[in-house]
Amino acid sequence: MRALLPDPDRPGRVQAALDRVESARWADPLLMRLRGLVRSLPEGTRDALHGTRLGHPVHPVLVQVPIGTWTSAAVLDLLPGRRRGAGLLVGVGLAAAAPAALAGWADWAELHKPQMRVGLVHAAANTVAVGLYAASLAARLRGRRMKGRALAYAGLLTVSAGGALGGHLAYRQAAGVNHAEPVSVLAGPGWQPVGELADFPVGTPVSRMLGEVPVFVLRQADGTVHVLADRCSHQAGPLSGGEVADGCVRCPWHGSTFRLTDGHVVHGPSTAPQPVFETRVTAGLLEARLPGT
Ligand code: FES
């Protein structure tokens, strides 16, 4: 057990194995082919799978059903007279696994490569788990209850390992988290200087610092000035390097599109809005603040 845990001098075996997965470049041609396949889905479908309209990622919500039903089936399999209930839960989990996997693939296709490599192993583990549960259900339907139970327990172990990899993706590699969340803390309260208004080009976004926060600044011909957090809420891409059109800015990394006036997500993969600052010009100096601060 000690070998699995990190010590002060080197990472444990689990972390060392995950580090190797993150840097496994040999898998990249496969990643790119799979990414192309997922990205060939219509944009509206991918937005629905990301959870852009909901304002919350869909994948972590959908995975609750297979994990919950399969864990419940494992408990029922320990109890006498619960054979039918356990089989039903295994079947419900299998039916719910498909939409959860689809949402996961949509999110996966918009990650950085080290995240995609871990994500691919996460998906492979879960695919094996689905196979084990399908075999378990088939065995149960044929009346081979012991075999069905054994396969289901093997499935539970495998899906738990897959879930742990999903946790690594989210907590260690920051996949799927809101990268604009620290802005409200780092920006500080009240009006702060951004720069002399005359120094900002008209119609071209630029990046400036507002305190500790990089901000996207767009001065428009009608005198309007938009200031948004520059690091995209999806994966921290620089919005100031993106395209501006139809009152929105499109992130150059994965195409999340945010409305300039309020940061609303028009297209994913992002599900979290982009922080927008209020602006004013005082004696030629552009100032900005987060609303309500
Ligand atoms: S960083 Fe991914 S869309 Fe902006």
Where do R280 and E287 land on the salt bridge (Lys or Arg N to Asp or Glu O under 4.0 Å) test, with the steps shown first?
CA-CA 5 Å; R280 73 179 184 188; E287 297 177 308; 2.7 Å; yes
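Residues V128 and W70 do not share a hydrophobic cluster, defined by chaining ILVMFWY side chains whose heavy atoms lie under 4.5 Å apart. If you chain together hydrophobic residues whose side chains sit under 4.5 Å apart, L218 and V213 never meet in one group. Residues V276 and V244 share a hydrophobic cluster, clusters being chains of Ile/Leu/Val/Met/Phe/Trp/Tyr side chains in contact below 4.5 Å. Taking hydrophobic clusters as Ile, Leu, Val, Met, Phe, Trp and Tyr residues chained together by side-chain heavy-atom distances below 4.5 Å, V183 does not share a cluster with F216.
Looking at R259, Q220, R219 one by one, the single match for side-chain hydrogen bond (donor to acceptor under 3.5 Å, both in side chains) with H226 turns out to be Q220. Of the options R82, R140, R83, a salt bridge (charged side-chain N to carboxylate O under 4.0 Å, His left out) to D77 is made by R140 and by none of the others.
Aromatic rings of H254 and H234 (six-membered ring for Trp) have centroids within the 6.0 Å cut-off, being under it.
In this model, a donor atom of one side chain and an acceptor atom of the other lie less than 3.5 Å apart for S233 and S270. Looking only at atom types and distance, the side chain of D107 has no donor-acceptor partner in the side chain of H59 under 3.5 Å away. For the 3.5 Å distance criterion, the side chains of E22 and Q115 fail to qualify, holding no donor opposite an acceptor.
A donor-acceptor pair is defined here as one N or O able to donate and one able to accept, closer than 3.5 Å; such a pair exists between the side chain of T71 and the backbone of I67. Side chain of H122 to backbone of G162: a donor-acceptor contact under 3.5 angstrom is found.
Annotation: side chain of M116 is not in contact with side chain of E110 (no heavy-atom distance under 4.5 Å).
With a 6.0 Å radius and a threshold of 12 heavy atoms from other residues, nucleotides or ligands, E278 has its CD atom above the threshold.
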